[in-house]
Every structure is written in structure tokens, then in C-alpha cells.
Amino acid sequence: MEIRTSGVKKFSSFLESNWLTIIILLIFAAEASWLALTSRFPMAFDEGYHFNLIQFFSHRFNPIVTSQPSSTYALGAIVHNPSFLYHYLLSFPYRLIAHFTSSIETQVILLRFINIGRAITSLLIMKKILSRLGLPYILVNILLLVFALTPLVTALSAQINYDNLLILVASLSIYLCLRFVQQLRANVFELKTLLALICLCFYSSLVKYSFLPIFVGISLVVAWSLLAKWHHDRADFTKQLRSSYAKISKKTKLGLAIAGISGLSLFIVFYGVNTIKYHNPVPQCNQVLSISDCSQYYAWDRNYVVAQYDHTHVPTNKMNVLQYTYFWLKVEAYQLFAEIIPTGGLVYIAHSFYLIIIGLTIVVSICTLINIRKIFKEQKTFLALLVVAMSYLLFLWLDNYNDYLHLGQPLAIQGRDIVPVLIYIYALFGLGVMYSFKGERSARLVLRTSVASLAVFSFVYFGGYVRYGSSISPSDGWIHTQTIAKVSHIHSLSD
């Protein structure tokens, strides 16, 4: 028994080492790179659409589009689309790449590698967030591995998609938020961190509109922390505010002022003007363009056709709120471990992996429910993090449910949408397991290590690129000539 316990302790020691972090990043980089090199274009999640938008912005320096040629209607209403920053920023490396090569294969692969770099940076920031929460290093490493090798995460990271930048800016915003909150609790008012966070949130909202609920969640956490400090000692609050402002250098003040004014102006130009003009911060395509023009945009046209059918055919099996919520959770979770086919549909989860996921989910859910009060009591900063995560998830559910009420069908439920906060959901489950098997007694140590080992093995063996690479991207070719022709027709377009 002593020999077995000694072996368990050695394995636990490896799980909490820096070497495992490096190995995780190398495995993730290798698997994502393999997908980037071998996967046919376009990959799932609208890679062709994002590549076309990058090409569109590569012909202009002004990110604010005031007019739109009819040949770009297949991209939707670009003029009032607030989710433009990813495409605009990536248009600059694209210009450099296109200057040296006209090969779309080379252009796409190089842009994919830029996205992999962003994904690795996101993982490093997530690790800093989890460490800042005070989680044990062994738990941080396991969470990082499970997140990185969640099949959907690996596939998403290997392609051209604005979700990769959204995950990065969301992670950085959450990190700055937690850092500011913890500094306040330590009686340190760091104004520079707060101003940097505000600036970052303005720009992040222009990457993808779904960052807005994260912005709201961060605002709630920061506002609550500031009010608590102000009520505790108003005189000291004012004194620290002035002192913190005085410590900021003139160059930093100027930089923050320029960044803040520019970010706020762009935020108002898009979300403010859209709200006033269209009564919608993210207007539908037909609010900006005509119905015939919007019919060229596949996502809008699909919803329009479905809505028209729903208006003429009264549905008999409409889901209520509880039924829809169950369906929504099931689809969101399932897509994390299945693979999305670019032309539509799913490649199902491997049966063994499916059973392991179900088993792990049941175990960690029970552990978390049993220890939820203890987690919230002892992990104060984690509670602030959950406010941000839950704000985001609530928005996703409301947005999808609103679409369901208007369209009559549960469309556009995407597992990738929860990836920006997925690792924090994993962290909650991880804490539940940790509290359930806490202690150095042999039985607890073996149980804790067994759950960790099963998670590590299953995600390394079944996760990552395995399903996408074997089922969706066979090695008999990279890209079809017809696909190149369809994708490149916007290459020469400009305003």
C-alpha cells in the first residue's frame, strides 16, 4: 500500500509541475498546427466568411465603412456591423502575405497560425487567472489540459475565426478585472489598471457583439467593489484615488486618454448610432439592406426562410422555457465534444469518449453541488468571476431563446459560443472534486488522482485534433479548385 501511495504522490507531483504546463502547450500547438496545415478550406464556423471579410478590409485603412458595393452583400450588412475589429486587424498581416504570394492555401495557413498564436496566448492568460484565484497548481494544469484538448477548442483555434480574438480579449479583460478587485481588497487603489480595463472593454466590444454581456458582468463586479470600498472609508477612498492618479506618468495618461476617447467614440459610432437609428445595437441585415440584397447572405436568408415558414405553419410541438433550456444545454455541451462538419451537421462523439464524458459530468456535478456553499464561502474572487461568466451565459441563452420565439426553430445554438467562459465552468467542477476528496488520506488521494488521471487520459487520447483530423479532414487533398474560386471572388473588391 505504501508503494502504491508513493507512486500516486509522484504522479500528483508531475501533474503540478511546470513541465506539464509546457507539455500541454506543446501538445496543443502541435495538434492545432496539424489541423491548420491539413484541414480543407473552409473549416467549420464560417472560415470562408471571415477570410472574405479580411480581404474586404485589406483594401481600406478606415475601419468605418460608409458604403457597401453590391458584390459584398453575401457578407451581410457590413456598414453597421459592430463586429469588425478582428477582420480589420488581421487585414494588415494579410496585406503583407498577399504581397508575397497569391496562393490562397498559403494565405489561409499563415492566417490560421496567427490564430493559433492567439489561442496559446489565451491559454497563458487563463493560467494566470486560475493561479490568481489561488487554485492548486495541479488543478490549474489539469484544467488547462482539459480545456485546450476539448475537441471544439482545438478545431476552433486552428482556423480563421473572430472567436479566437474574442477569447483572448475576454481572458485579458477578466484578468485585469480580478487583479483590480483583489488590489482593492488589499487596500490598494490601482487607477491605471481600471482605466486600462475600461479601454480594453470598449475595443473588445468591437471584436464581437457577444462581448457586451462580459462587459456588463465586469462592470457589475468593479462597481460593487468600488462601492464597497467607498462605503467602508470615503475619505481614504478619495485619498487613494488622487494618489493613484498622481503616480501615473504623463505619457501613460496621454496614451490612456487617446485610447479611451478612440474606443468610446467607436463604441458610440456603432452601438450608439445603431440603437438610435435601428432600435437595435446589432441591427438585422434587412434593417440596413433590402430583403433581396440580404438574401445573398446565407445566415440571414436561412433565418428568413425559416421565419416565413413558421408564420404560415402553426407549430404544434413548441418547447416551453424549461424544455428549451434543457435542449439548449444539451446542444451546447454536445457540440464541445463532437465535431462540426463545414457543410453542416455533426461527426458524433466516439462512443467510449461519450461514456467517459457522461460519467465525469455526473461525478463532478454531484461533487460541486455538495460543496457549492463551501466553494462560494472560501473562494470570494471566484464568485466575482462567476458573475461575469453567468452574465455571458445568460445573454447567450436569451439571444438564442429570442431567436427561437421569432423563428419557430432552435437555430444558431453553437457550442463555440461558450468557449470564452468554458474553463471557468471546468474550474467550478474542479473545485467541487477538490473539496470532495480533500486531504492526504490514502483513499482520498487515490480517488482524487483517479478522477484527474481519467480526465487527462480521455482528453489526450480522444480529444484535440483526433476526431476532426480523422473524420473531416482526410489526407487526400487540402482544397478544391471550386472552393478557391468561390472564396477568391471578393479578393479584388474595394469600396
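For the single chain, residues carry numbers from 1 onward in sequence order. Hydrogens, waters and symmetry mates play no part in the numbers below; they use all other heavy atoms, side chains included. Quick caveat, the model's predicted, so the values are computed rather than measured.
Residues Tyr298 and Asp46 bring a donor and an acceptor atom of their side chains to less than 3.5 Å of each other. Between the side chains of Arg185 and Thr381, at least one donor N or O lies within less than 3.5 Å of an accepting N or O. No donor-acceptor contact under 3.5 angstrom links the side chains of Tyr73 and Gln68, judged on distance only. Ser39 and Tyr465 form no side-chain donor-acceptor contact under 3.5 Å, judged by distance and modelled atom types alone. Inspection of the Gln182 and Arg132 side chains reveals an N or O donor paired with an N or O acceptor under 3.5 Å.
The aromatic ring centroids of Phe337 and Tyr354 lie 6.0 Å or more from each other. Aromatic ring centres of His80 and Tyr278: separated by under 6.0 Å. Remark: aromatic rings of His87 and Phe56 are distant, center separation not under 6.0 Å. Two rings, from Phe57 and Phe92, have their centers 6.0 Å or more apart.
To the nearest 0.5 Å, atoms CG (Leu168) and CG (Leu124) are separated by 10.5 Å. The distance from the CG atom of Leu53 to the CZ atom of Phe51 is 11.5 Å, given to the nearest 0.5 Å. How far CD of Glu105 is from CG of Leu110: 10.5 Å, rounded to the nearest 0.5 Å. We find the CG-CD distance between Leu178 and Gln183 to be 11.0 Å, quoted to the nearest 0.5 Å. Atom OH of residue Tyr404 and atom OH of residue Tyr401 lie 7.5 Å apart, to the nearest 0.5 angstrom. If you take OH on Tyr162 and CG on Leu206, they are separated by 13.0 Å, rounding to the nearest 0.5 Å.
Between the Tyr88 side chain and the Ile54 main chain, no donor and acceptor come within less than 3.5 Å of each other. For Gln409 (side chain) and Ala307 (main-chain N/O), no donor-acceptor pair under 3.5 Å exists by modelled atom type. Put simply, the side chain of Ser249 gets close to the backbone of Thr252: a donor and an acceptor are under 3.5 Å apart. Of the possible polar contacts, one joining the Ser83 side chain to the Tyr209 backbone as a donor-acceptor pair under 3.5 Å is found. Without hydrogens or angle criteria, Ser58 side chain to Gln55 main chain gives a donor-acceptor distance under 3.5 Å. Side-chain atoms of Gln107 come within 3.5 Å of backbone atoms of Thr101 as a donor-acceptor pair (strictly under, hydrogens ignored). Side-chain atoms of Asn161 come within 3.5 Å of backbone atoms of Phe45 as a donor-acceptor pair (strictly under, hydrogens ignored). Thr121 places a side-chain N or O within 3.5 Å of a backbone atom of Gly117 that can act as its donor or acceptor partner. Under a 3.5 Å cut-off, the side chain of Tyr271 and the backbone N or O of Ser205 do form a donor-acceptor pair. Judged by distance alone, the side chain of Tyr203 and the main-chain N or O of Ala259 form a donor-acceptor pair under 3.5 Å.
Leu89 places a side-chain heavy atom less than 4.5 Å from the side chain of Leu165. Between Leu241 and Leu191 there is a side-chain heavy-atom pair separated by less than 4.5 Å. A 4.5 Å side-chain heavy-atom check between Tyr426 and Val364 finds every atom pair outside the cut-off. Residues Ser173 and Ile218 meet the side-chain proximity criterion, which asks for heavy atoms closer than 4.5 Å. Between Glu31 and Leu149, the closest side-chain pair of non-hydrogen atoms falls below 4.5 Å. In this structure, the side chains of Leu266 and Ile64 come closer than 4.5 Å at one or more pairs of heavy atoms. Taking the side chain as every heavy atom from C-beta outward, Leu411 and Asp403 never approach each other to under 4.5 Å. In this structure, Leu90 and Leu111 have side chains that are in contact, with non-hydrogen atoms separated by less than 4.5 Å.
Annotation for Pro42 and Gly48: closest pair CB-N, 3.4 Å, computed over non-hydrogen atoms. In terms of heavy-atom proximity, Gln159 sits nearest to Met43 at CB-SD, 3.6 Å. For Ala427 against Leu130, the heavy-atom pair with the smallest separation is CB-CD2, 4.1 Å. Across Ile109 and Ala36, no two heavy atoms sit closer than the pair CG1-O, 3.7 Å. Heavy atoms only, all atoms of each residue included: Asn400 and Ala412 are closest at ND2-O, 3.3 Å.
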Report the C-alpha distance between Ile174 and Ile125 in whole Å, list the side-chain angles of each, state the deciding distance to 0.1 Å, and finish with yes or no for side chain to side chain contact (heavy atoms under 4.5 Å, CB included). CA-CA 9 Å; Ile174 290 171; Ile125 297 172; over 6 Å; no
Dump the intermediate steps for side chain to side chain contact (heavy atoms under 4.5 Å, CB included) on Phe267 and Cys201, then the final yes or no. CA-CA 10 Å; Phe267 187 89; Cys201 285; over 6 Å; no
Show your working on ring pair (Phe, Tyr, Trp, His ring centres under 6.0 Å) between Phe459 and Phe353 and close with a plain yes or no. CA-CA 8 Å; Phe459 278 84; Phe353 191 34; 5.5 Å; yes
For Gln296 and Asp301, what are the C-alpha separation, side-chain angles and deciding distance, and is it a side chain to side chain contact (heavy atoms under 4.5 Å, CB included)? CA-CA 7 Å; Gln296 300 178 49; Asp301 185 59; over 6 Å; no
For Val421 and Leu393, run side chain to side chain contact (heavy atoms under 4.5 Å, CB included): C-alpha distance rounded to whole Å, both residues' side-chain angles, the deciding distance at 0.1 Å, then the answer. CA-CA 8 Å; Val421 298; Leu393 293 175; 3.9 Å; yes
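One finds a salt bridge joining Asp417 and Lys208 here, because a Lys/Arg side-chain nitrogen approaches an Asp/Glu carboxylate oxygen to under 4.0 Å. Using a 4.0 Å cut-off between charged side-chain N and carboxylate O, Glu47 and Arg112 make a salt bridge.
A cation-pi arrangement is found for Lys253 relative to Tyr245, the charged atom lying closer than 6.0 Å to the ring centre and inside a 45° cone about the ring normal. Cation-pi geometry between Arg95 and Phe61 is met: the NZ or CZ atom falls under 6.0 Å from the ring centre, inside 45° of the normal.
Crowding of Trp397 atom CH2: a count of heavy atoms from other residues, nucleotides or ligands under 6.0 Å exceeding 12. Other residues, nucleotides and ligands place no more than 12 heavy atoms under 6.0 Å from the OH atom of Tyr326. Surrounding NZ of Lys128 are at most 12 heavy atoms belonging to other residues, nucleotides or ligands under 6.0 Å away. Counting heavy-atom neighbours within 6.0 Å of Met390 CE, excluding the residue itself, gives a total of 12 or less.
Relative ring orientation between Trp300 and Tyr304 is described as parallel, the plane-to-plane angle staying below 30° on a 0-90° scale split at 30° and 60°.
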